[in-house]
Undergrad: 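What follows is a structure written as structure tokens; I'll ask about it next.
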Amino acid sequence: SMSKKQDAFYFQNFIECAEAACSAAKLLKKTLNDFHIEKISDRISEIHQIEHSADEKKHLIVDKLAKAFIAPIEREDIVALSQNIDDITDKIEDVLIRIYINHIEEIQPDAISLMEVVLKCCEEVRNLLEDFADFKHSKTLKDHIIRINALEEEADQLFISSMHKLHANADKNPLHIIAWREIYEYLEKCSDACEHVADLVESVVMKNS
């Protein structure tokens, strides 16, 4: 039916926005693993393309919603979800910008460990949103939420230990410390953004069950 087709549009769009976050995360992980300062501007352009396409999808949702007579879930939940999913890609882009503006020349191993957790978080968000499209019948939705919460917890622990290590090296210059504090904080914001999406999905499911 028409309304089924309309509903599918929103859920499909959420999934595609989560896919964009995964692409951005993979690109950032690749950049950190094989870091070349001379390639950073190219990487920033690439990630910005991904962010821009995710942004356009978010606007599609808002436009569609403005014209829609009915929506599958509450309008403000659709808007909040699309903004929060888009936020993940923004936060990933922010990490790369921080690496660029702080003129980082080599990557700390701790950043790579954190990034691996961030990528897993993004992939789990995508899995969650695939389930969300059929949330009334999904048996695994709750598992994805639990997994995202656990990954966010893991990112928190890694964040704390990397910050501790960073400040324990008394011989490090203050600029190094300031730069990496900022990068670790921005990496942690990526996993927080994933958890926000999981929280929203959970509350929408509760409201509509």
Undergrad: Without swapping roles, check the side chain of R75 against the backbone of L65 for a donor-acceptor pair under 3.5 Å.
TA: yes
Undergrad: How are the rings of F132 and F135 set to each other: parallel, tilted or perpendicular (split at 30° and 60°)?
TA: parallel
Undergrad: Between I112 and L32, which heavy-atom pair has the shortest distance, and what is it?
TA: CD1-O, 3.7 Å
Undergrad: Salt-bridge test for R43 and E46: reply yes if a basic N is under 4.0 Å from a carboxylate O, no otherwise.
TA: yes
Undergrad: Between K91 and Y186, is NZ or CZ placed under 6.0 angstrom from the six-membered ring centre and within 45° of the ring axis?
TA: no
Undergrad: Once you round to the nearest 0.5 Å, how far does CG of L81 lie from CG of L129?
TA: 7.0 Å
Undergrad: Kindly check if the number of other-residue, nucleotide or ligand heavy atoms within 6.0 Å of CD (E56) is above 12?
TA: yes
Undergrad: Supply the atom-to-atom distance L28 CG to I50 CD1, rounded to the nearest 0.5 angstrom.
TA: 10.0 Å
Undergrad: Of all heavy-atom pairs between I92 and A21, which one has the smallest distance, and what is that distance?
TA: CD1-O, 3.5 Å
Undergrad: Are K207 and D77 close enough for a salt bridge, meaning some N to O gap below 4.0 Å?
TA: yes
Undergrad: Where do I47 and A24 come nearest, in terms of heavy atoms and distance?
TA: CD1-O, 3.7 Å
Undergrad: Starting at SG of C17, measure out to CD of Q12 and round the result to the nearest 0.5 Å.
TA: 10.5 Å
Undergrad: Applying a strict under-4.5 Å side-chain criterion to I, L, V, M, F, W and Y, I'd like to know whether V62 and F14 cluster together.
TA: no
Undergrad: Determine whether L114 and D110 make a side-chain contact, defined as any pair of heavy atoms from C-beta on separated by less than 4.5 Å.
TA: no
Undergrad: Show your reasoning for whether side chain to side chain donor-acceptor pair (under 3.5 Å) applies to D134 and H137.
TA: CA-CA 6 Å; D134 189 26; H137 306 104; 2.9 Å; yes
Undergrad: Is there a donor-acceptor contact under 3.5 Å from the side chain of H167 to the main chain of M163?
TA: yes
Undergrad: Atom CD of residue position E38 - does it have more than 12 heavy atoms of other residues, nucleotides or ligands inside 6.0 Å?
TA: yes
Undergrad: Could you tell me the separation between the OG1 atom of T89 and the CD atom of E19, rounded to the nearest 0.5 Å?
TA: 10.5 Å
Undergrad: Less than 4.0 Å between a side-chain N and a carboxylate O, is that true for D55 and K58?
TA: yes
Undergrad: Can you name the closest pair of heavy atoms from C194 and V125 and give their distance?
TA: CB-CG2, 3.7 Å
Undergrad: Is there a donor-acceptor pair under 3.5 Å between the side chain of N102 and the backbone N or O of R98?
TA: yes
Undergrad: Are the side chain of T140 and the backbone of D143 linked by a donor-acceptor contact shorter than 3.5 Å?
TA: no
Undergrad: Kindly give the heavy-atom pair with the smallest separation between L200 and N84, and that separation in Å.
TA: CD1-ND2, 3.3 Å
Undergrad: Linking I/L/V/M/F/W/Y whenever any side-chain heavy atoms sit under 4.5 Å apart, do L27 and I37 land together?
TA: yes
Undergrad: Could you name each residue pair satisfying side-chain hydrogen bond (donor to acceptor under 3.5 Å, both in side chains) that touches residues 152-164, not counting sequence neighbours?
TA: none
Undergrad: Within the 4.5 Å heavy-atom criterion, are S191 and F159 side-chain neighbours or not?
TA: no
Undergrad: Backbone N or O of K30 within a donor-acceptor pair of the D34 side chain at under 3.5 Å?
TA: no
Undergrad: Do E188 and Y184 have side-chain heavy atoms sitting under 4.5 Å apart?
TA: no
Undergrad: Hey, mind stepping through D90 and D87 against side chain to side chain contact (heavy atoms under 4.5 Å, CB included) and telling me if it holds?
TA: CA-CA 5 Å; D90 289 346; D87 208 32; 4.0 Å; yes
Undergrad: Measuring from atom CD1 of I88 to atom SG of C122, what distance do you get when rounded to the nearest 0.5 angstrom?
TA: 5.5 Å
Undergrad: If I take atom CG from residue N33 and atom NZ from residue K26, how far apart are they, to the nearest 0.5 angstrom?
TA: 14.0 Å
Undergrad: Could you tell me whether the side chain of I107 reaches within less than 4.5 Å of the side chain of W180, counting heavy atoms only?
TA: yes
Undergrad: Is the shortest side-chain N to carboxylate O distance from D94 to K189 below 4.0 Å?
TA: no
Undergrad: Can you find a pair of side-chain heavy atoms, one from L187 and one from I183, that are under 4.5 Å apart?
TA: yes
